[in-house]
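Throughout, a chain's letter reflects where its sequence line sits, starting with A, and its residues are numbered from 1. In this text the structure is predicted, and so the values were computed from the model without any measurement. Note that these values count all heavy atoms, side chains included, but never hydrogens, waters or copies made by symmetry.
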Amino acid sequence: MSIDLETARRVAHLARIAVSDEDLPALADEFNTILGFIEQLNEVDVDGVEPMTSVTPMRLKRRPDEITAGGYAERILSNAPDAREGFFAVPKVVE
Amino acid sequence: MSLNQLTIAEARDKLRGGEITAVELTAACLQAVEGADALNAFAHKTPEIALAQAKEADARLAAGNAPDLCGIPLGIKDLFCTEGVPSQAGSRILDGFRPEYESTVTRQLFEQGAVMLGKLNMDEFAMGSSNETSTYGNVVNPWRRGNDEAALTPGGSSGGSAAAVAADLCLGATGTDTGGSIRQPAAFTGIVGIKPTYGRCSRWGIIAFASSLDQAGPMAKSVRDAAILLGAMAGHDPMDSTSADLPVPDFEAALTGDIRSKTIGIPREYRMEGMPDEIEALWEDGRRMLEDAGARIVDISLPHTKYALPAYYVIAPAEASSNLARYDGVRYGRRAKLSQGDGVLEMYEKTRAEGFGDEVKRRVMVGTYVLSAGFYDAYYNRARRVRTLIKRDFEEAFAQGVDAILTPATPSAAFELGSMADADPVQMYLNDVFTVTVNLAGLPGISVPTGLDRSGLPLGLQLIGRPWQEADLLDAAFALERAADFGHKPGKWW
């Protein structure tokens, strides 16, 4: 399986990372190197083997569905690059 | 000997005995930190906080019954969120981020009186094996090859932690380990580092890389110090649903050095093709030391070892792509400067393009690809199945009565900074070949310095333990440490 420029462009877009056209060939090459390395996994017989979901077998704890925190919008917003009137601010979204 | 050169155990006893004060000890460390800018281990120094904490510690010590870590100066990896103190995970995208909260591990340390000297440099988002991906620049290993002035890597991703401990800038440090990020830098700098069982230390407030693999652990000058620190870092935390609700044993009390009833496994698959003679000899020496200490040595097989790195390089990037989706220029960190007419999509794409470094981008994109429609089964699910098999290999070895497994910690000694610049990414990934299996299986693993290579650089061996048996593992490491009697320190050039 080899990644072409179009796939590299699509993946970059899905990851929301701007990649210029001139950087795409190098990116596709790197993907191919890494995916080539990963291809080794195809040698393993995984028939009947469950995919791991939790490395240490444990039941997730339950807790009462109660409000235990909140009421500190200022602290939540304190690190925002742009916050106004108690909200995160982003560029205008026009669909 | 200046105070910053003490071990945690020595300093604790002197503090309790009133021979030294926490303020004196902290001042000695701060002075060492100030004189070590050439190592670039500290990304953010916090001398005011340190001195205030030291004063409080002295009051507590005077009152009696102070915890082990009361007044002990530590370095904190930049991956840990520390309230009001920059916490950037070595990334440009978190420029200016000052958390409003404290990670559970650091909160526990400070509650026990530990002193924070500052935040330690690291590979960006803990992605790297050489500390060359940090926005703060490379960390330099305090060790050199004899009189050769070439700057060497301290390893990564906890390279700042490793360099700071090895250079006696602090008495101990926190690290995190997703594929070897505590154990490989510990081996490269001649110190001890333990990654505990997955779930032993809370991940709450530690900036996430790959959540099913990440674990915090201590980096220290001795096995005893690692035991003391781990005890303070570990414990159940309701804020992390994967944190284990198990009692934390007294790890230091477990250090007897008596391993006569223990069985140590030597996995044949770790004898890699092209492994340097020196690593082979180091491993052989370790085997002999444990045998001389009375342990039974058995050869074992972990047949899926070869597939651990490829499985890791599916699972870790997949989880990273999801975890790092939060860096979008909206809630924290930096937002790219936008052009007229740019919308939210351009904001995301530009912010992430300029905020993330190359290795992070590469892994986020690989993760995005292996999770994308049509490839999820072929890559991600297959890797998770292989992970099940890797864990099963260990379970079978333990079921045969093996208590711990001895392997090399790294395939080489520390290499030169910049020497891997032209290599493809996979070459760098091979650094974790002996450590990554342990993360995939969720087991505890410890790196202990046991020898020097021909050029005088430290080399380490790894012991892998049964789940939740860190006490036994530390004891085996203690026996190995005593037998190896490493005792070397880097000559001060910085």
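Heavy atoms of B:A325 lying under 4.5 Å from chain A are absent altogether. Only the backbone of A:K92 comes within less than 4.5 Å of a heavy atom in chain B; its side chain stays farther off. Looking at B:S241, the atoms closer than 4.5 Å to chain A (heavy atoms on both sides) sit in the backbone and in the side chain alike. Contacts of B:Y429 with chain A are made by side-chain atoms alone, with heavy-atom separations under 4.5 Å and no backbone atom involved. Contacts between A:E50 and chain B at a heavy-atom distance below 4.5 Å involve the backbone alone (N, CA, C, O). A:A89 touches chain B through its backbone: at least one of N, CA, C or O sits under 4.5 Å from a heavy atom, while the side chain does not. Proximity to chain A is limited to the backbone of B:L440, based on heavy atoms less than 4.5 angstrom apart. If you measure heavy-atom distances from A:D29 to chain B, you find no contacts under 4.5 Å at all.
Remark: aromatic rings of B:F97 and B:Y327 are distant, center separation not under 6.0 Å.
At a cut-off of 3.5 Å, with distance as the only test, a side-chain donor of A:H13 or B:E349 sits close to an acceptor on the other residue. With hydrogens and angles left out, the side-chain atoms of B:D237 and B:T104 include a donor and acceptor closer than 3.5 Å. Between the side chains of B:N323 and B:S211, at least one donor N or O sits under 3.5 Å from an acceptor N or O. No side-chain N or O of A:T68 forms a donor-acceptor pair with one of A:R63 less than 3.5 Å apart.
Among B:R362, B:K350, B:M347, the residue with the largest count of heavy-atom pairs under 4.5 Å with chain A is B:R362. Comparing B:V370, B:L389, B:L338 by how many heavy-atom pairs each has under 4.5 Å with chain A, the most go to B:L389. In terms of non-hydrogen atom pairs under 4.5 Å with chain B, the most contact-rich of A:I34, A:L60, A:D82, A:L77 is A:I34. Comparing B:G355, B:A311, B:A336 by heavy-atom pairs within less than 4.5 Å of chain A, the highest count is held by B:A311. With chain A as partner, the option from B:N381, B:V330, B:L324 having the largest number of non-hydrogen pairs under 4.5 angstrom is B:V330. Between chain A and the residues B:G199, B:G333, B:P467, the largest count of heavy-atom pairs under 4.5 Å involves B:G333. Taking chain A as the reference chain and counting heavy-atom pairs below 4.5 Å, the highest number among B:E346, B:H304, B:K361 is found for B:K361.
Atom CZ of A:F87 has 12 or fewer heavy atoms from other residues, nucleotides or ligands within 6.0 Å. Around the CD atom of A:E43, the shell of radius 6.0 Å holds more than 12 heavy atoms that belong to other residues, nucleotides or ligands. Atom CG of A:N42 has more than 12 neighbouring heavy atoms from other residues, nucleotides or ligands inside a 6.0 Å radius.
Side-chain N or O atoms of A:E30 include none that pairs as donor or acceptor with a backbone N or O of A:L27 at under 3.5 Å.
Evaluation of the ring pair (Phe, Tyr, Trp, His ring centres under 6.0 Å) rule for B:W204 yields B:Y101 as partners, not counting sequence neighbours.
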